[in-house]
There are 2 protein chains.
Amino acid sequence: MSTDETQARGRSATLSDVAKAAGVSIATASKALNGRDQVRAETRDRVLRAAERLAFSPNALAKGLLAGRTGTVGLLTSDLEGRFSIPILMGAEDAFGAGKVSVFLCDARGDAIREQHHVQALLSRRVDGLIVVGSSTDARSSLGRDLPVPVVYVYGPSEDPEDLSIVTDNVDAGRQAVEHLVATGRQRIAHITGDASYAAAKDRAAGVTAALADLGLPLVGDRVMFGSWNEAWGRGATRLLLERAPEVDAIVAGSDQIARGVLDALHELGREIPRDIAVIGFDNWAILATNSRPQLTSVDLRLEELGRLAAQRLFEAMDGDVRHGVESLQSRVVTRGTTTPSN
Amino acid sequence: MSTDETQARGRSATLSDVAKAAGVSIATASKALNGRDQVRAETRDRVLRAAERLAFSPNALAKGLLAGRTGTVGLLTSDLEGRFSIPILMGAEDAFGAGKVSVFLCDARGDAIREQHHVQALLSRRVDGLIVVGSSTDARSSLGRDLPVPVVYVYGPSEDPEDLSIVTDNVDAGRQAVEHLVATGRQRIAHITGDASYAAAKDRAAGVTAALADLGLPLVGDRVMFGSWNEAWGRGATRLLLERAPEVDAIVAGSDQIARGVLDALHELGREIPRDIAVIGFDNWAILATNSRPQLTSVDLRLEELGRLAAQRLFEAMDGDVRHGVESLQSRVVTRGTTTPSN
DNA sequence: AAACAGACCGAAAAGCTTTTCGTCACTGTA
DNA sequence: TACAGTGACGAAAAGCTTTTCGGTCTGTTT
């Protein structure tokens, strides 16, 4: 068949191909496809059909080159497991609107040089903004003030107060854990948590002790039990705790992992949960929380919401509305079987 | 100070700015920066210094527009947890070489429409290729044969044998699990696994039964115990199994999650691990495997390697060396305390 | 009939880089 | 002296889209 589809084989169709196929100029084709007026309905139709037929998809590179905006952002993480990054990515995708903005995900693996490398690559790709996900809630070094695009730090704040950081309020999270336990009738509360060198451990512990003090309740075991972020510590600490303070009727575990260890030890020691003793964790990590016996009540740090807010702030910053400092989000308790005798 | 850095405020420097600052033409500046010859050493030096001073970073959009290659690939996933995607992403990043290629990560969340949307967005961004990560090892529908860029399916294969898929050999994985148990002295082996509608469950079970048959060993419990992919099933199935066949001395669990449930139940029933009974899982998911008591021996599905290979195949396909069909990778047993009385 | 308005469309520039090819000056040679 | 050859550099095109502005054509008004 003789055809005027002169589009080269393999190359995807260009606007010029569409225009030729529809028998109009490039300018008219562009206007027709972008819903501009100044195009007769019949002409627009012809162009749209041609575009459809050729599977035309406008070249975002050319568009970005022209507009100065690429509709892409970089998400820089060091979170090897994707435990934080993925929910944050999803929240960001939601906020941006699917398809409107695409996200470059880069994993620096904790290596500053690799991170610098990635930043360079992202800037040369002309991302419209950068989201930096911390590997912990501890403050991390800033990417610097002189980047040509806005940056939002998430989960772990930047050390530079001039930067904008979006974090979960971990002190409040600790407080909420205690308040939930008290609301479900507990009075003798202990706290087993992770490595004291982590801000997450310190902050949650501060919230726990402050809430207990406010309520006039003791911290059972006399002090916060700092240790490591794993199940083994949860088990060991629980055994120690029950020896020293067998009257304990609730344990705030510093993470869901620790909580799993706590539950394990409690089972072994013959305590029934939640009748004899309640347990609450942090992170609300489904794989851990919904598979324990009973299912684990946990403080959800609202990572998707963090991502959504970060994306929104990034948008605002692109439009010139730049903010500074740390913005905190409240966490929220997700109630399951370890604190309430549901099913 | 009077300056010839006429680069507009805020806009990042362009090659034209550099050329002006160095007092040469754009063409010469380009050649100097890209190591082309036909540039005098002194001139090259001047250009390099100017570029440094202006923090010049070449616009990848313009380069991509010209070259027809963008140095970007799309990674399309439906794996909400990032459990498969992140290791695969990291493997791919490794293979591409950090900074040379950037990865768009898109999560379709199991929604075909959203997926189509993302594919469109990626194509309009002119990615050089696509990696599709399945949400399970079951075959998934193909993106189609008429895409303008090569596609590699990872973890779960495409239904279309014309596509290239890179997967772990789950039958072999099941076989390896049995062989490891036998090598460590077990003879009475049972298999508790997930939902029989999943290819992963069926394949691993096939490998287990085939290996047992080859070795002339019985499948303890008489049949594969299919159920669900969670700890509760692992616990329940273990209790059932020990009632029916108390002589069992090893359990192949269909996943690390199930294995955790198995371990839990075995503890409750007073069996000592690995003295009385050994347990092996699949996935080698660190958070589960290294936190159990004892630590869990598991079959590693080598996701990073999968990602690396996918990236490599994608590269080859970009260069015209297109392959078809399913390429299988062997898994590998990671030995820990539930099969060998180490520490 | 002449001028005008309005609707529709096309030419061209801008955005940035790479590459090709042409230009220029200079050196060595016939 | 004239010429070819060479080394260094610049002009310009290509890659694709959007937008502005000017042009054409039809129909209307005085």
Side-chain angles (χ1 to χ4, degrees), chain A residues 6-8 10-48 50-51 54-72 123-128 148, chain B residues 6-8 10-48 50-51 54-71 121 123-128 148:
Chain A
T6 39
Q7 171 205 351
R11 296 284 313 108
S12 53
T14 149
L15 183 58
S16 160
D17 297 325
V18 175
K20 208 171 298 174
V24 298
S25 76
I26 297 183
T28 304
S30 173
K31 281 181 278 197
L33 290 170
N34 291 318
R36 295 245 155 293
D37 43 5
Q38 304 185 327
V39 179
R40 208 173 11 158
E42 191 266 338
T43 309
R44 182 187 308 278
D45 230 56
R46 209 145 30 94
V47 172
L48 287 175
L54 297 175
F56 171 71
S57 161
N59 187 324
L61 298 179
K63 209 182 296 194
L65 187 56
L66 190 60
R69 279 212 182 178
T70 55
T72 60
L123 290 181
S124 84
R125 300 227 141 82
R126 294 300 186 270
V127 293
D128 295 332
Chain B
T6 40
Q7 172 205 347
R11 296 282 315 109
S12 53
T14 148
L15 183 59
S16 160
D17 297 325
V18 174
K20 209 171 298 173
V24 298
S25 76
I26 298 182
T28 304
S30 172
K31 281 181 277 197
L33 290 170
N34 291 318
R36 296 245 154 293
D37 42 7
Q38 303 185 326
V39 180
R40 210 171 13 156
E42 191 268 339
T43 309
R44 182 188 306 279
D45 230 56
R46 209 145 29 96
V47 172
L48 287 175
L54 297 175
F56 170 72
S57 159
N59 187 323
L61 298 179
K63 208 183 296 197
L65 187 56
L66 190 60
R69 279 214 181 174
T70 55
L123 290 181
S124 82
R125 301 226 142 81
R126 293 299 187 268
V127 293
D128 295 332

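A quick note: this is a predicted structure, and the numbers were derived from the prediction, not measured. Lettering of chains follows the sequences in order, A, B, ..., and the numbering in each one begins at 1.
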Rounded to whole angstrom units, what separation is found between the [atom1] atom of [X] and the [atom2] atom of [N]?
X: A/R126; N: C/dC16; atom1: CZ; atom2: P; answer: 8 Å
X: B/R40; N: D/dG7; atom1: CZ; atom2: P; answer: 14 Å
X: A/R125; N: C/dC16; atom1: CZ; atom2: C1'; answer: 16 Å
X: A/N59; N: C/dC16; atom1: CG; atom2: C1'; answer: 14 Å
X: A/N34; N: D/dT19; atom1: CG; atom2: P; answer: 7 Å
X: B/L61; N: D/dT18; atom1: CG; atom2: C1'; answer: 15 Å
X: B/K63; N: D/dC16; atom1: NZ; atom2: P; answer: 18 Å
X: A/L65; N: D/dT17; atom1: CG; atom2: P; answer: 12 Å

N/O (side chain, A/R36) to phosphate O (OP1/OP2, D/dT19) under 4.0 Å:
yes

Would A/R126 and B/S57 count as a side-chain contact (heavy atoms from CB on, under 4.5 Å) if you check the C-alpha gap in whole Å, the side-chain angles of each, and the deciding distance to 0.1 Å?
CA-CA 10 Å; A/R126 294 300 186 270; B/S57 159; 4.0 Å; yes

Worked check of side-chain contact (heavy atoms from CB on, under 4.5 Å) between A/R125 and A/T72:
CA-CA 9 Å; A/R125 300 227 141 82; A/T72 60; 5.8 Å; no

For the pair B/N59 and B/T14, evaluate side-chain contact (heavy atoms from CB on, under 4.5 Å) and give the outcome as yes or no after the intermediate values.
CA-CA 8 Å; B/N59 187 323; B/T14 148; over 6 Å; no

For side-chain contact (heavy atoms from CB on, under 4.5 Å), just list the numbers for B/E42 and B/D45, CA-CA rounded to whole Å, side-chain angles, deciding distance to a tenth of an Å, and then say yes or no.
CA-CA 5 Å; B/E42 191 268 339; B/D45 230 56; 5.6 Å; no

For the side chain of [X], counting heavy atoms from C-beta on, which of [options] is nearest?
X: A/S30; options: D/dT18, C/dG15, C/dT19; answer: D/dT18
X: A/T43; options: C/dC16, C/dT18, C/dC9; answer: C/dC9
X: B/F56; options: C/dT19, D/dT19, C/dT17; answer: C/dT17

Are A/R46 and A/T43 close enough that some pair of their side-chain heavy atoms sits under 4.5 Å apart?
yes

Are A/V24 and A/V39 side-chain neighbours, meaning at least one heavy-atom pair lies under 4.5 Å?
no

Give the minimum heavy-atom separation between B/S30 and B/L15, together with the two atoms involved.
CB-CD2, 3.8 Å

Collect all protein-nucleotide pairs involving nucleotides 10-14 of chain C in which both atoms are nitrogen or oxygen and the distance is under 3.5 Å.
| residue | atom | partner | partner atom | Å |
| --- | --- | --- | --- | --- |
| C/dG10 | OP2 | A/S25 | N | 2.7 |
| C/dG10 | OP2 | A/S25 | OG | 3.0 |
| C/dG10 | OP2 | A/T28 | OG1 | 2.7 |
| C/dG10 | O6 | A/K31 | NZ | 2.7 |

